[in-house]
Number of protein chains: 2
Amino acid sequence: MVTMSDVAREAGVSVMTVSNVLNERLPVGAPTRARVLAAVESLGYEVNLTARHLRAGRTDTVALIVPSFHDYFGEVADEIAPLVEAHGRHLVLERTSASPEHELEAVSVARLQLYDGVLLSVAGMDPEQLGRVRTSKPIVLLGERDVPPHFDHVRLANEEGARLATAHMIERGSRRILALGCTLDRAHMMTSDRRAGWESAHREAGLPVDERYVVPIATYSSHTARTTLLDVIDSGLPFDGIFAATDVIALGAVAALADRGLRVPDDVQLAGFDNLEVSSFVPPGITSVDPNHRGVAQHAVGLLHRRMAGAVGPAEHVVAPVSLVVRGSTRGGR
Amino acid sequence: MVTMSDVAREAGVSVMTVSNVLNERLPVGAPTRARVLAAVESLGYEVNLTARHLRAGRTDTVALIVPSFHDYFGEVADEIAPLVEAHGRHLVLERTSASPEHELEAVSVARLQLYDGVLLSVAGMDPEQLGRVRTSKPIVLLGERDVPPHFDHVRLANEEGARLATAHMIERGSRRILALGCTLDRAHMMTSDRRAGWESAHREAGLPVDERYVVPIATYSSHTARTTLLDVIDSGLPFDGIFAATDVIALGAVAALADRGLRVPDDVQLAGFDNLEVSSFVPPGITSVDPNHRGVAQHAVGLLHRRMAGAVGPAEHVVAPVSLVVRGSTRGGR
DNA sequence: TGCTCCTATTTTAACGCTAAAATCGCGACG
DNA sequence: CGTCGCGATTTTAGCGTTAAAATAGGAGCA
């Protein structure tokens with residue numbers, strides 16, 4: 001590896017002069033500067049950022065740590081990247097291992113030290129693990145779980161979104177609406193909050209809440225959603241609407257409905273949550289709760305940058321508003 | 001920040017003893033070890049990886065650099081991550097800026113020094129930019145472009161995949177097949193190679209190649225694909241099949257066909273390329289060329305690890321085989 | 001008692017960089 | 001002609017860690 005002192009020797013100057021030429025910190029005489037630049041060029045020198053980071057005590061880099069790289073998280077990451085870059089920092093993504101026992105390891109506190117700030121997506125991390133994370137590093141948590149109160153946290157209005165979607169289908173005539181991918185758990189997490197919204201919509205409309213219509217699924221994949229819904233259909237439980245806890249689940253539902261020849265929205269209305277890009281292209285267009293990625297990203301990055309700039313004060317807990325995007329999978333959508 | 005010397009002072013030992021306790025390099029007496037561990041615990045010490053990396057001359061980290069985080073790249077990244085981790089290294093993702101003028105900057109050679117090896121996705125990078133990247137750092141290029149010959153490179157059998165998909169539709173009765181998102185360019189890149197495959201299939205079947213059926217699109221989004229295809233339909237150009245250069249494009253095509261009431265596969269057969277997860281769920285299931293992500297990931301990571309282990313020798317240029325996954329969007333699919 | 005040989009621990013030095021202080025060289029000025 | 005001033009350049013020191021060499025402190029043995 002070519003180091004600054006190689007360049008210095010080649011140019012016949014001290015390392016500080018090389019540093020000064022490259023960083024334009026102290027002025028350097030024109031002939032010296034030229035010799036240094038020539039040496040840099042001929043040796044192909046590139047600064048060693050690890051050394052610079054150690055010396056500077058910062059890395060100008062923010063990490064976004066997510067459970068996996070695809071779908072929802074990929075889309076959020078693409079919103080976050082430009083915001084981080086706008087502050088002159090780099091964004092890198094890291095993935096927590098899929099297996100829970102490795103999760104904490106991947107988020108080993110030591111690794112956080114590599115970054116000036118961290119956006120940590122808490123989907124699939126339990127609060128107890130989080131409690132063990134003690135660090136002075138600025139961290140903003142992101143995601144649909146209860147978290148220890150001393151962390152900054154940005155989450156969605158899950159219950160409100162689910163309520164909106166369900167109320168919309170009720171208003172358009174559905175009376176038996178599955179809550180696919182939701183759970184009856186009381187713990188505040190994504191699947192229970194969205195179930196609560198589904199429930200609220202029923203209460204507000206004066207409709208009974210039938211727990212048989214809450215259908216949890218084993219894994220949050222389209223594939224599992226499809227097979228789970230096929231089982232429900234085949235069980236004979238009558239339904240005329242589906243609130244899918246995520247668009248990935250909604251996509252599996254679309255497939256299952258097609259498998260059984262049920263028409264959307266004529267036989268069954270369908271609404272999802274996340275407003276993934278695909279949802280507007282899958283015919284007839286999937287009505288979905290827009291999680292307002294951009295707003296979430298702005299809140300989270302803004303908060304993180306304030307902390308990195310040294311802002312103190314109590315942890316902030318932001319609940320980002322959501323909205324319903326109506327498409328062809330519910331009646332009245334285009 | 002708590003450093004090793006804080007721990008050493010607290011425990012009444014030298015920093016090296018702390019280091020030896022934590023790294024288990026040299027044996028440390030049991031009582032001393034206990035005092036050190038207690039000090040680590042009470043101060044909440046975490047090793048500074050930047051310093052360790054500088055000292056060690058390596059970071060045990062591999063970067064995957066992609067144009068954006070979603071769709072195709074997110075899926076590839078999820079395949080690559082476990083392979084990299086299996087070698088005891090970390091994977092991080094970085095994104096090249098969307099704007100071409102910043103691309104090289106994001107891939108600034110200096111930044112590559114942070115990693116022991118780099119997987120660089122070359123979609124949207126021109127070869128001339130790549131030529132300027134001189135570094136001894138192991139790099140494996142990934143993607144559907146011609147690249148300077150001294151780089152290791154893993155790419156797909158684009159032409160073969162397109163040929164398979166097109167031949168399949170011809171065999172199932174299509175005679176006028178659009179090549180949506182393809183280009184007539186001669187340069188070897190994804191869009192021209194896939195067009196070449198479309199062409200080969202026609203020649204092999206003894207069908208004429210009509211260049212009006214090659215329909216380029218301005219940006220590789222589902223939205224653009226949808227509006228572009230709507231224009232084609234409205235222009236009155238007759239067609240009974242579509243080969244979409246990517247599944248993202250195919251998705252836009254599905255939407256456009258539905259917009260105009262054309263049935264898939266009865267009126268128009270459709271095949272895409274990439275076999276995205278969504279493609280199996282969008283009714284009636286999109287026939288697609290499977291890019292064999294896992295195989296590509298294995299080739300690329302294997303090659304990179306060999307280089308990181310010091311393997312020398314001429315650059316390898318791997319063309320990973322692809323296969324066709326037949327679904328309901330072509331006749332005879334389930 | 002004196003000496004060797006281990007084992008436990010410490011000292012030294014370096015990874016590559018840069019902030020701050022020190023030094024050098026030279027023209028200007030009293 | 002000595003010295004002050006000032007820009008150009010170098011020296012010093014240290015970021016936090018760890019490999020390698022050095023040292024201290026006993027146990028074992030003649």
Side-chain angles (χ1 to χ4, degrees), chain A residues 1-37 39-40 43-61 108-116 135-137, chain B residues 1-37 39-40 43-61 108-116 135-137:
Chain A
M1 180 199 273
V2 182
T3 75
M4 239 181 210
S5 76
D6 296 324
V7 175
R9 193 174 328 107
E10 174 85 4
V13 297
S14 73
V15 280
M16 267 319 290
T17 299
V18 178
S19 175
N20 284 328
V21 167
L22 296 178
N23 299 309
E24 298 182 323
R25 229 181 69 82
L26 297 181
V28 174
T32 311
R33 151 183 240 90
R35 260 184 305 135
V36 168
L37 290 176
V40 164
L43 297 178
Y45 169 79
E46 290 289 340
V47 66
N48 179 322
L49 291 179
T50 301
R52 177 180 283 175
H53 292 167
L54 175 60
R55 173 67 228 221
R58 60 201 170 75
T59 60
D60 295 323
T61 302
S108 88
V109 182
R111 206 147 168 96
L112 302 186
Q113 304 276 354
L114 285 172
Y115 306 107
D116 289 352
T135 172
S136 55
K137 196 61 59 172
Chain B
M1 180 200 272
V2 182
T3 74
M4 237 181 214
S5 77
D6 296 325
V7 175
R9 193 174 330 107
E10 174 85 4
V13 296
S14 74
V15 281
M16 266 320 288
T17 299
V18 178
S19 176
N20 283 328
V21 168
L22 296 178
N23 298 309
E24 298 182 323
R25 230 181 68 83
L26 297 183
V28 174
T32 312
R33 151 183 239 88
R35 260 184 305 136
V36 168
L37 290 176
V40 164
L43 297 178
Y45 168 79
E46 291 288 340
V47 67
N48 180 323
L49 291 179
T50 302
R52 176 179 286 175
H53 291 168
L54 174 59
R55 173 67 229 220
R58 59 200 170 75
T59 61
D60 294 323
T61 302
S108 88
V109 181
R111 210 152 163 93
L112 302 187
Q113 304 276 355
L114 285 173
Y115 306 107
D116 289 352
T135 172
S136 54
K137 197 59 61 172

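This one's a predicted model, so the numbers in the text were calculated from it and none came from an experiment. The sequence lines fix the lettering, A, B, ..., with proteins before strands; numbering per chain opens at 1.
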>> B:Thr32: which residues meet the side-chain hydrogen bond (donor to acceptor under 3.5 Å, both in side chains) condition with it, sequence neighbours left out?
In response: none
> B:Ser5 pairs by side-chain contact (heavy atoms from CB on, under 4.5 Å) with which of B:Thr3, B:Val2, B:Val7?
Replying inline: B:Thr3
Each nucleotide N or O in nucleotides 17-20 of chain C that has a protein N or O under 3.5 Å away: list the pair and distance.
| from | atom 1 | to | atom 2 | distance (Å) |
| --- | --- | --- | --- | --- |
| C:dC17 | OP1 | A:Tyr45 | OH | 2.3 |
| C:dC17 | OP1 | A:Asn48 | N | 3.2 |
| C:dC17 | OP2 | A:Met4 | N | 2.6 |
| C:dT18 | OP1 | A:Asn23 | ND2 | 3.4 |
| C:dT18 | OP1 | A:Arg52 | NE | 2.8 |
| C:dT18 | OP1 | A:Arg52 | NH2 | 3.1 |
| C:dT18 | OP2 | A:Ser19 | OG | 3.1 |
| C:dT18 | OP2 | A:Asn23 | ND2 | 3.3 |
| C:dT18 | O2 | A:Arg55 | NH1 | 2.6 |
| C:dA19 | OP2 | A:Arg25 | NE | 2.5 |
| C:dA19 | OP2 | A:Arg25 | NH1 | 3.4 |
| C:dA19 | O4' | A:Arg55 | NH2 | 3.3 |

> So what does B:Thr50 touch, heavy atoms closer than 4.0 Å: a base, only the sugar-phosphate, or nothing?
Replying inline: nothing
>> With heavy atoms of chain A within less than 4.0 Å as the criterion, where does contact along DNA chain D begin and end?
In response: D:dA8 to D:dG16
>> On a heavy-atom basis, which atom in A:Leu49 and which in B:Ala110 lie closest, and how many Å separate them?
In response: CD1-O, 3.7 Å
>> Based on the rotation axes of five pairs at each end, what angle does the helix from C:dT1-D:dA30 to C:dG30-D:dC1 bend through, to 10°?
In response: 80°
>> Ignoring hydrogens, what is the shortest heavy-atom contact between B:Ala39 and B:Glu10? Give both atom names and the distance.
In response: CB-CG, 3.5 Å
> Base, sugar-phosphate, or nothing for A:Gly29, non-hydrogen atoms under 4.0 angstrom?
Replying inline: sugar-phosphate
>> For A:Asp116 versus A:Thr59, what's the shortest heavy-atom pair and its separation?
In response: OD1-N, 2.9 Å
>> So, using side-chain hydrogen bond (donor to acceptor under 3.5 Å, both in side chains) as the criterion, who are the partners of B:Arg25 when residues are at least two apart?
In response: none
>> If the test is side-chain contact (heavy atoms from CB on, under 4.5 Å), which one of A:His53, A:Arg58, A:Gln113, A:Arg52 qualifies with B:Thr50?
In response: A:His53
>> Run the side-chain hydrogen bond (donor to acceptor under 3.5 Å, both in side chains) test against B:Arg55 and tell me which residues pass, sequence neighbours left out.
In response: none
> For the residue pair A:Ala11 and A:Val36, what are the closest heavy atoms and their distance?
Replying inline: CB-CA, 4.0 Å
> Taking NZ, NE, NH1 and NH2 as the nitrogens, is one of them in B:Arg33 or B:Glu24 under 4.0 Å from a carboxylate oxygen of the other?
Replying inline: yes
